[in-house]
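Encoded as C-alpha cells, the structure appears first; notes follow it.
Values reported hereafter were calculated over all heavy atoms of this structure, with side chains retained and with hydrogens, waters and symmetry mates removed. By convention in this document, chain letters (A, B, ...) are assigned in the order of the sequence lines, proteins followed by strands, and residues within each chain are numbered from 1.
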Amino acid sequence: MSEANNHNELEILRHSTAHIMAQAVRELYPETKITIGPAIKDGFYYDFDRDTPFSVEDLEKIEKKMEDIIRKDLSFERMEVSKDEARKIFKDEGYKIELINEIQDEKVSVYKQGDFIDLCRGPHLTSTGRVKAFKLISVAGSYWRGNEKNKMLQRIYGTSFFAKKELEEHLHKLEEAKKRDHRRLGKELDLFSMDDEIGAGLINWHPKGSVIRYTIENFWREEHYKNGYQIVYSPHIAKVNLWHTSGHMDFYRENMYSPMDIEGMPYIVKPMNCPFHIKMYKNKLKSYRELPIRWAELGTVYRYERSGVLHGLLRVRGFTQDDAHIFCRLDQLNDEIERVLNFTLYMLKSFGFNDFDVYLSTMPQGYVGTISNWEKATDALKGALNKAGLKFEIDPGAGVFYGPKIDVKIKDSLDRTWQCSTIQVDFNLPERFDVKYIGEDGASHQPIMIHRALLGSLERFFGCLIEHYAGAFPLWLAPVQARVMTITDKQNDFASRVLNQLLNSGIRGEADLRNEKIGFKIREAQMEKIPYMLIVGNKEVESKTVSVRKRGGADMGAIGVEKFVEMIKEEIRSKQ
RNA sequence: GCUGGCGUAGCUCAGUCGGUAGAGCAGCUGAUUUGUAAUCAGCCGGUCGGGGGUUCAAGUCCCUUCGCCAGCUCCA
C-alpha cells in the first residue's frame, strides 16, 4: 500500500501543503495575516487576511515560492509551548491570538518549518520535500469563522498528492465531471435555458426538457393515485393575511417576494403550498374516518434566493415542488411515515438513484409543540428509517422549529450534495389554522400534518437526473427514443412508414431523411444521446426490417419493425 | 448579499499598445444519393450584456447596472 492509498496520510500531506502555502504567502507578502488552513475533501485551503486580494498571477508566484520551500526540504518541527509563550510567538497575528485564547489546555502545539511557525494541532509530514505534486486551484472570499458579520478573508484553495500522476488523474477527473454538469448538458441537449431578460433563477423548459418533465409528472401522478393520494391544484397567489395566519410573514419573509396590489388588497406569490391545502381541508368538516387524507400537488412556488446562491437548475427562484400534505391522527403517524419513506425510495429508485445521503434532523432550539409529540414524531421517523434498513445520520437540533424531518440528499457531478426528498412532521400549522377533525368520541381533535416532497422540486431533480445519466437518459425518459435514418432518399417512404408505426405505438420517434451520409446522421444522433438509431437502406426496405444501432455503438443487426416496436415498448415499460 | 473572476455571431472561442471586429461549428443555398461518429462549395450572421463617462478615436480605460462562474454566507 502506498502512502497515497491511506486517507489519513493524504490529509496530513494536504495539511502540510497548506502550511507550505502559508509560508510562501508570508514570504512574498509579509503584511498578510494568517488564520486557518485545514485539509478538506479534495485538497486544502488557507484563509489569509490581506487588503489586496490575491490575483491569478499571485497564485503562480505563490506556487513558485512553494516549490522553493519544497526543494529546500525543510523539516516540520513540533513544539509544545505554554499559551503565554504562544501569545508571544504570535503577537502580531491577531487571529492566532483569538484561537489561542479559546484553547482549553494549558499548552498548545506549534509547528515550524524554516522561519515559518504556525499554531497547529498537527500532525504533519516529516519535511516539506515529501510533497511531490500540488496545485493551487482558486481564490475566493470567505468570512472569518464563517460568519458574514466578520471580516472577509482571502481563501486560496489547492490540492496535493504524493505522486504527479495522482494529481493529473485528479485534475482529469474534475474535467470529466464538468462534462456532465447539467448546465452544460442542458445547453448541448437543448433541454432548458435561462435568460437575462426573464430574470435570474427562472427556468424555461425547452421541448426536449419538457418531454422529460411530462414523463416524470405522468409517472408521478400514476404512482400517487396508486399510493392512496388525491391530486389537487391551488392558486399561485394569496392575500397577505393568509401568510400572516400561516406564520410565513413572520419567519419566512426574507424568502418571499413583495406583495402586489389587487384592488387595494395586498397579495403574495406563494413560496409554499401548505396553506392552500390546509384551507382545502378546512373547507368541510372532517371525520376521523376520513383520515389519513393525502393531498398531493405539483405546486409551483417562488422564493427569493440571494443572487450568489443561484445555481443552474439546482438552486432557482421559481420551481415546482412535488408536494403533498398528509393529515392524520397520532395513531396513524408511524404507518404514514413508513409509507412515505417507502414511496420515496421507490420513486428515487425508479429514476435510477440508489446512492444518497439520508439525515434525520431532531428538535432544535425554539421548537413549537410538546416534547412528547416531538418524541413520538422523531421515533416514527427513526423507526421508519430503521425498518427500511437505511443508513442515516442524525443531525441533532437541525429540525425545523415545527417538527423533525428526514432529508434525502443526492450528489451532483462535483460531489456537492443537494436536498431532494424531504419528509417533515408539522405540529405548528394545524395549530395556527386550527385544523380539526371529529373523533370517535364526537369531540374535535387536531390532526398531525406531514409535509413531504419525494423528488423535491422538478427543477432540482431534473438537474440531478441530467448529471446522474450524463445526459444519456434511460429509454423511458429519453426525449427522442428512436430515430429512423435513411441511407439515401430512396428509402424515404419506408422510413416514414416506420416512423408512423413508432408514433402510433406511443414511441417518441423521429426520422432523419436529410440528404446526408449515414455516418453524419449517426454522429448527430449519438451526440444527442438518442437511445436507438434505426438505419434503413435498400436491404432493410426489402426485408421490412430496420438495422438497429444502440446509443454507444452496439450493432443489433436487422430486426423486423414489429419486433423492434415490441422490444422497445417492453424496455420503456420496465424503465430500464 | 459578500470576495474574486468573467460577459465578443445561435454555440465554443481569438482580438496586440485605445485606431473602427475574426475563426471553427451551427444556420441558409447549391452540388453530391452516400451503409454505422463530421462530403464539398458559396452565402448569411455582431448596438462586443445594458446604460453612462474619458478620448480625435473604446470590444479594449473608468463608473454604474444586469447576468454568469468559483467560493463564503444562507437554504422550511
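Across the strands present, B:U55 finds no partner; the criterion is a Watson-Crick or G-U wobble pair with both atom distances under 3.5 angstrom. Checking B:C48 for Watson-Crick or G-U wobble geometry (two distances, each under 3.5 Å) identifies no partner in any strand. Using N1 to N3 plus N6-O4 or O6-N4 for Watson-Crick, or N1-O2 and O6-N3 for G-U wobble, each under 3.5 Å, B:U60 pairs with nothing. Pairing of B:G4, defined by two Watson-Crick or G-U wobble distances under 3.5 Å, is identified with B:C69. Pairing for B:C25 goes to B:G10, judged as Watson-Crick or G-U wobble with the two contacts each under 3.5 Å. With a 3.5 Å ceiling on both atom-pair distances, B:A38 lacks any Watson-Crick or G-U wobble partner.
A donor-acceptor pair shorter than 3.5 Å cannot be found between the side chains of A:Tyr229 and A:Glu297. Under the 3.5 Å distance criterion, with hydrogens and angles disregarded, no donor-acceptor pair is assigned to the side chains of A:Thr362 and A:Thr378. When only modelled atom types and interatomic distance are considered, A:Tyr29 and A:Asp58 share a side-chain donor-acceptor pair under 3.5 Å. A donor-acceptor contact under 3.5 angstrom links the side chains of A:Lys270 and A:Ser234, judged on distance only.
Comparing B:A14 with B:G53, their P atoms sit 30 Å apart, to the nearest whole Å. The same atom, P, is picked in B:U16 and in B:U60; the two are 11 Å apart, to the nearest Å. Atom P of B:C69 sits at a distance of 27 Å from the matching atom of B:A26, rounded to the whole Å. Comparing the same atom, C1', in B:A57 and in B:G19 gives a spacing of 7 Å after rounding to whole Å. Separating the C1' atom of B:G45 from that of B:U29 is a span of 14 Å, rounded to the nearest Å.
A:Thr422 comes within 4.0 angstrom of nothing in the nucleic acid, heavy atoms only. Note on A:Lys539: a base of the nucleic acid sits closer than 4.0 angstrom, heavy atoms only. When heavy atoms are screened at a 4.0 angstrom cut-off, A:Ile518 is found touching the sugar-phosphate backbone but no base atom. Using a 4.0 Å heavy-atom cutoff across all strands shown, A:Gly146 reaches sugar-phosphate atoms only and no base atom. Among the protein residues, A:Phe520 comes within range of the sugar-phosphate backbone only, with heavy atoms under 4.0 Å from sugar or phosphate atoms but none that close to a base. Among the protein residues, A:Met533 comes within range of no part of the nucleic acid, since none of its heavy atoms lies under 4.0 Å from any strand. Residue contacts shown for A:Gly519 are limited to sugar-phosphate atoms, with no base heavy atom under 4.0 Å away. Using a 4.0 Å heavy-atom cutoff across all strands shown, A:Phe401 reaches at least one base atom of the nucleic acid.
Going from atom CG of A:Leu153 over to atom C1' of B:G4 covers 14 Å, rounded to whole Å. The CG-P distance, from A:Asp196 to B:G10, rounds to 14 Å in whole Å. A:Asp42 places its CG atom 11 Å from the P atom of B:G71, with the value rounded to the nearest Å. Rounding to whole angstrom units, CG of residue A:Asp181 and P of B:C68 are separated by 14 Å. Computed from coordinates, the A:Leu310 CG to B:C72 C1' distance equals 15 Å when rounded to whole Å. Atom CZ of A:Arg253 and atom C1' of B:C74 are 19 Å apart (whole Å). In this structure, NZ of A:Lys178 is placed 15 Å from C1' of B:U12, rounded to the nearest angstrom. Note: CG (A:Asn147) to C1' (B:U3) measures 16 Å, nearest angstrom.
Distances shown here put a side-chain N or O of A:Arg549 below 4.0 Å from the OP1 or OP2 atom of B:A37. Dashed line: the shortest gap from a side-chain N or O of A:Lys187 to OP1 or OP2 of B:U12 is under 4.0 Å. The phosphate of B:A70 (OP1 or OP2) has a side-chain N or O of A:His311 nearer than 4.0 angstrom. Taking side-chain N and O atoms only, A:Arg183 has a distance below 4.0 Å to OP1 or OP2 of B:C69.
For A:Glu540, taking side-chain heavy atoms from C-beta onward, the closest of the listed nucleotides B:U3, B:C72, B:G35 is B:G35. Of the listed nucleotides (B:C72, B:G67, B:U36), B:U36 has the atom at the smallest distance from the side chain of A:Asp555. Counting only heavy atoms from C-beta on, A:Gln526 has its side chain closest to B:A37 among B:C72, B:A37, B:U36. Minimum atom distance to the side chain of A:Lys490 is reached by B:U33, of the listed B:G35, B:U33, B:C2. The side chain of A:Pro53 approaches B:G4 more closely than any other nucleotide in the set B:G4, B:G35, B:G1. Side-chain proximity of A:Arg155 to the nucleotides B:G35, B:G67, B:C72 is greatest for B:C72. The nucleotide whose nearest atom lies closest to any side-chain atom of A:Ile522 is, among B:U3, B:A37, B:A70, B:A37. Between B:C72, B:U3, B:U36, one nucleotide has an atom nearer to the side chain of A:Val309 than all others, and that is B:C72. Candidate nucleotides B:C72, B:G35, B:U33 were compared by shortest atom distance to the side chain of A:Asn538, and B:G35 ranks first. Here the side chain of A:Ser138 is nearest to one of B:A70, B:G35, B:U3, namely B:A70.
Residues A:Phe461 and A:Phe353 place their aromatic rings such that the two centres sit under 6.0 Å apart.
For B:C2, the base has no donor-acceptor partner in the side chain of A:Arg306 [N/O atoms by modelled type, under 3.5 angstrom]. A donor-acceptor contact under 3.5 Å is not formed by the side chain of A:Tyr304 with the base of B:G1. With hydrogens and angles ignored, no donor-acceptor pair closer than 3.5 Å exists between the side chain of A:Gln154 and the base of B:G71. Counting distance only, with no hydrogens placed and no angle test, the side-chain atoms of A:Arg315 and the base atoms of B:C74 include a donor-acceptor pair under 3.5 Å.
Of all heavy-atom pairs spanning A:Ser193 and A:His206, the tightest one is OG-NE2, 2.7 Å.
Aromatic ring pairs are classed by plane angle as parallel below 30°, tilted from 30° to 60° and perpendicular above 60°; the pair A:Phe276 and A:Trp243 is perpendicular. Between A:His182 and A:His311, the ring-plane angle classifies as tilted under the 30° and 60° cut-offs.
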*In sequence, state the C-alpha distance, the side-chain angles, and the governing distance for A:Tyr402 and A:Phe427, and then conclude on ring-ring contact (aromatic ring centres under 6.0 Å, His included).*
CA-CA 6 Å; A:Tyr402 55 65; A:Phe427 306 119; 8.9 Å; no
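Mapping A:Ala140 and A:Thr488 onto RNA chain B by nearest heavy atom places A:Thr488 closer to the 5' end of the strand. Both A:Gln321 and A:Tyr157 lie close to RNA chain B; mapped to their nearest nucleotides by heavy-atom distance, the more 5′-ward contact belongs to A:Tyr157.
Taking the centre and axis of the six-membered ring of A:Tyr45, the NZ or CZ atom of A:Arg155 falls inside the cone set by 45° and 6.0 Å.
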